S.K.: 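Take a look at this one; I'll ask things after.
Keep in mind it's a predicted model, so treat the numbers as computed, not measured. Note: hydrogens, waters and symmetry copies are ignored here, and every other heavy atom, side chains too, is used.
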Amino acid sequence: MASQNKASSEADARIVVDRLLREAGWDIEDKNQVTTEESIKDGRADYLLLDSRSRPLAIVETKRFSKDPYAAKEQAEIYAKSMQTPFIFLSNGEDTYFWDYEKSDARLVDSFFSRFDLERISTLRKYQKPLSTIPIPEQFFFKGKEINVRPYQKEALQTIDEAINKNKRRLLVEMATGTGKTLVAAMMIKRLFQAGLVERVLFLVDRIELANQAKETFDDYLSEYPSIVLYGGKRSKEGQIVIGTLPTIQSQVDSFTSGYFDLVVTDECHRSIYSVYRSLLLHFDALHVGLTATPSNLIDRNTYEFFDCWNPLDRKGTPTFIYGIRQGINDGYLAPYKVYHARSKISLEGVSWEGEDYEPQELERTVTVEDRNKLFVQEFKDNEEKRGGDHPRKTIVFAVTKKHAAQLTRFFNEAYPEYKGKYAEIITTDTLDPQRAIKRFKKEPLPVIAVSVAMLDTGFDYPAVENLVMCRPTRSPIFYQQMRGRGARLCPEVGKREFLIYDFVGNAQYFNDEGYDPFEQKKVATRKRAEEVEKEETTEEQIPEHIVRQFVTIPLGKAPDKWVEKRNMENGTEGERVDAREYKDKFAEEISKLADTNDLVKKIKDKKEITDDEIKELSELLNHPEYFFNENNLRQAYEQPTGNIVDFVKSVLGLHKFPTKEDRVSDAFDAWIIQKNFEPEQIRILRMLKNQFLAGSKADISDFNRPPISQYGGLQYAIKTFGEDGLKQVVNDLQEGVFQ
């Protein structure tokens, strides 16, 4: 009876294996393709798979469901060598292993290989060369230009060579945005083709726009190897390089055997590993190379485990190769950046409208405030005019929704009426021809500003972008890093040496973007949050679940907004913030140098008057791209809202002494008190409010519920003393005119 059960179990497994072979394209009734129970000296092979010339190609050793087929390796190898078959499959109908026993160990596969797959792999190995015999180029022509291969790109290729020579099947390459990941991938693919190690390649991307960009690169650099972009619908088998989005390949995965591709390259691979597409990658028994621009400390553990880069002892992942933003900036291949931080009252506090209170997180999701968005646009224009320059700077604006993008675009075009509505353009999935709009932005003088929702935040390659405007808040460090990366490339053609982030929604501040790695201090607390938020952010108009409201537009003039925080967060060559103290030190160094070399500074040093034209000339000299020494920045650094450029120069030279903040505020406060003729009890409350402001508070309504005012009855007592409207008025007067 036991023998019968065993036979029955193996027979059941054979039924499943028959089906799996058919699914891989084998005709098991055709004895020119498949024979069974093939006798040899030491036993019988369950299946023998034959090539198109009826020569042994692979044996299939089956075991009953309950037995791990890996255990049959020794027996199967004897059969294979006896029959001179290069390949072995081990299967129990549930788990199947493929074993190229002269090259590597047996490994789990998702399906049997087709006859064509096995013949192709067998032919490939006859013509393979060591990768070391394929030189890494020093230069090559790409898109009509001679390109020098950069040292880190050579190092990346050498590291990949070493890993492949060690028979590693999964590699993870981390390269910062702007360092040429796709081009490095193209160089890698070409060398693998030349070495005969691969013949068919799958290149996976997030979006069809990125697929088209990759094809442009491959058509140029890999012109002798045909490539296709796979769209939805019937699969085309043409092309040695197949480029496709994850959803498209997933929808057609059943038409690809596990052995169809020799190499699978996954761009921005950190996205696919912990999503539904993990099973897609597992389907292909290929050399897997993952590309990512995401810093290592933000990559999910599952990504490391998939690419065999996870160390379970120290619980850390180490990519096969790393070239980060710090290295890129230090080596002069990436642009350093500065952050212009400004937050408005409504951005921080939300807004009340027609009896409803809207929280800050509801802005542009449930309610839009036109005054707030116009404030953003005007601040951008004012600051750009102060910066000057010989050309309008190409700018990407990140909006929350398509409605938000349309509103911002309208305000930008109103701010630049001389361009007749062409200065800014919306680029979203609703755009009539998004690719044509993108091409216009890249190739033509207008538009200068592209306002986008989820189209230009990842994978968009345009080095001439000099400004990024963040009007879309995010708590995903990966998404923030990708948005920031849109400005990372240098562009000598427009004289771009750095870029500026206008952050109107507190993203840089949230991620403490004061150094190269803005997430290092927050990585443990942020990582899980990042994964969750990143998934949320794929839904453009998603609103928190507890909010079910009709979308509201508050028109211009109905909810005036104002700036309550504004400052430059200047980033040096390693991305670190230059704080106010360092900014003043750098300014002092500059003036000290100029005091001996520049006639205008010498004139000030000699206590001579200078003309308005000379002041303008001095301002232009100091406002250079390294630190932007201008009145606006210096006023913030020195906390002197009325200082002018000459005052600041004199201060460094010891010829002018600014009043302290306490002296300045106290003088303005006393003059205001006298002017307003307040009652003694009102003055007592206001002096307490002034002291709280000097101690660091914002001097708003919330201060009345903090000591010491709270000890005298708090907000209710203040309302009783001033009246509700009177209290609002004095707080507004203090914030706008006195506490500056």
Side-chain angles (χ1 to χ4, degrees), residues 134-161 163 171-193 201 203-206 209-223 225 227 241 243 263 265-270 289-296 319-337 442 456-465 481-482 484-494 496-499 516 575:
I134 310 298
I136 297 172
E138 295 291 333
Q139 300 96 14
F140 56 86
F141 277 92
F142 180 68
K143 296 185 177 179
K145 297 179 182 179
E146 186 175 64
I147 302 295
N148 291 317
V149 179
R150 296 171 176 176
Y152 66 85
Q153 294 172 334
K154 291 182 183 178
E155 185 183 350
L157 294 170
Q158 290 165 350
T159 304
I160 290 169
D161 286 0
L171 298 84
L172 179 60
V173 176
E174 176 199 325
M175 294 176 64
T177 298
T179 57
K181 292 195 309 297
T182 306
L183 198 51
V184 167
M187 288 190 279
M188 172 193 71
I189 291 168
K190 187 171 188 176
R191 296 179 69 252
L192 289 172
F193 277 145
V201 176
F203 193 86
L204 289 167
V205 295
D206 270 355
E209 296 83 14
L210 305 185
N212 293 330
Q213 284 185 27
K215 189 174 191 319
E216 288 180 13
T217 298
F218 296 156
D219 283 350
D220 191 307
Y221 186 75
L222 296 166
S223 56
Y225 305 100
S227 66
I241 305 172
I243 308 164
L263 170 67
V265 181
T266 308
D267 196 20
E268 296 303 337
C269 59
H270 62 276
V289 178
L291 306 177
T292 183
T294 299
S296 304
T320 310
F321 176 78
I322 301 176
Y323 189 77
I325 187 171
R326 178 196 292 268
Q327 294 164 286
I329 292 174
N330 286 348
D331 293 345
Y333 296 119
L334 295 180
Y337 62 96
K442 286 183 172 184
L456 304 182
D457 45 41
T458 59
F460 177 71
D461 180 5
Y462 183 36
V465 169
Q481 183 263 349
Q482 288 171 335
R484 186 184 63 186
R486 296 315 102 207
R489 291 171 174 83
L490 295 165
C491 187
E493 289 81 359
V494 299
K496 176 185 172 185
R497 295 189 300 167
E498 62 185 3
F499 66 100
Y516 151 68

S.K.: Measuring from atom CD1 of Ile243 to atom OG1 of Thr217, what distance do you get when rounded to the nearest 0.5 angstrom?
M.R.: 8.5 Å
S.K.: Would you name the heavy atoms of Tyr323 and Gly328 that are closest together and state the gap between them?
M.R.: OH-CA, 3.5 Å
S.K.: Just checking, Lys190 and Tyr225: is the charged tip under 6.0 Å from the six-membered ring centre and within 45° of the axis?
M.R.: no
S.K.: Quick one: do Asp161 and Arg191 satisfy salt bridge (charged side-chain N to carboxylate O under 4.0 Å, His left out)? Show the steps, please.
M.R.: CA-CA 10 Å; Asp161 286 0; Arg191 296 179 69 252; 2.8 Å; yes
S.K.: Could you check whether any side-chain heavy atom of Leu334 comes within less than 4.5 Å of a side-chain heavy atom of Gln327, counting everything from C-beta outward?
M.R.: no
S.K.: Nearest 0.5 Å, please: how far is CG in Leu183 from OH in Tyr221?
M.R.: 7.0 Å
S.K.: Side-chain contact, heavy-atom cut-off 4.5 Å: Met188 with Leu263?
M.R.: yes
S.K.: Kindly check if the number of other-residue, nucleotide or ligand heavy atoms within 6.0 Å of NZ (Lys145) is above 12?
M.R.: no
S.K.: Rounded to the nearest 0.5 Å, what separates atom CG in Asp267 from atom CG in Leu204?
M.R.: 9.5 Å
S.K.: Does any non-hydrogen side-chain atom of Val201 lie less than 4.5 Å from one of Phe193?
M.R.: yes
S.K.: Supply the atom-to-atom distance Glu138 CD to Lys154 NZ, rounded to the nearest 0.5 angstrom.
M.R.: 3.0 Å
S.K.: Check whether any side-chain heavy atom of Ile136 lies under 4.5 Å from a side-chain heavy atom of Met187, and answer yes or no.
M.R.: no
S.K.: Angle class for the Phe142/Phe140 ring planes (parallel below 30°, perpendicular above 60°, tilted otherwise)?
M.R.: perpendicular
S.K.: Got Leu456 and Tyr462 here, is their nearest side-chain heavy-atom distance under 4.5 Å?
M.R.: no
S.K.: Contact between Cys491 and Phe499 at the side-chain level, heavy atoms closer than 4.5 Å - yes or no?
M.R.: no
S.K.: Within the 4.5 Å heavy-atom criterion, are Thr182 and Gln213 side-chain neighbours or not?
M.R.: no
S.K.: Just by distance, with hydrogens left out, do Tyr337 and Arg484 show a side-chain donor and acceptor under 3.5 Å apart?
M.R.: yes
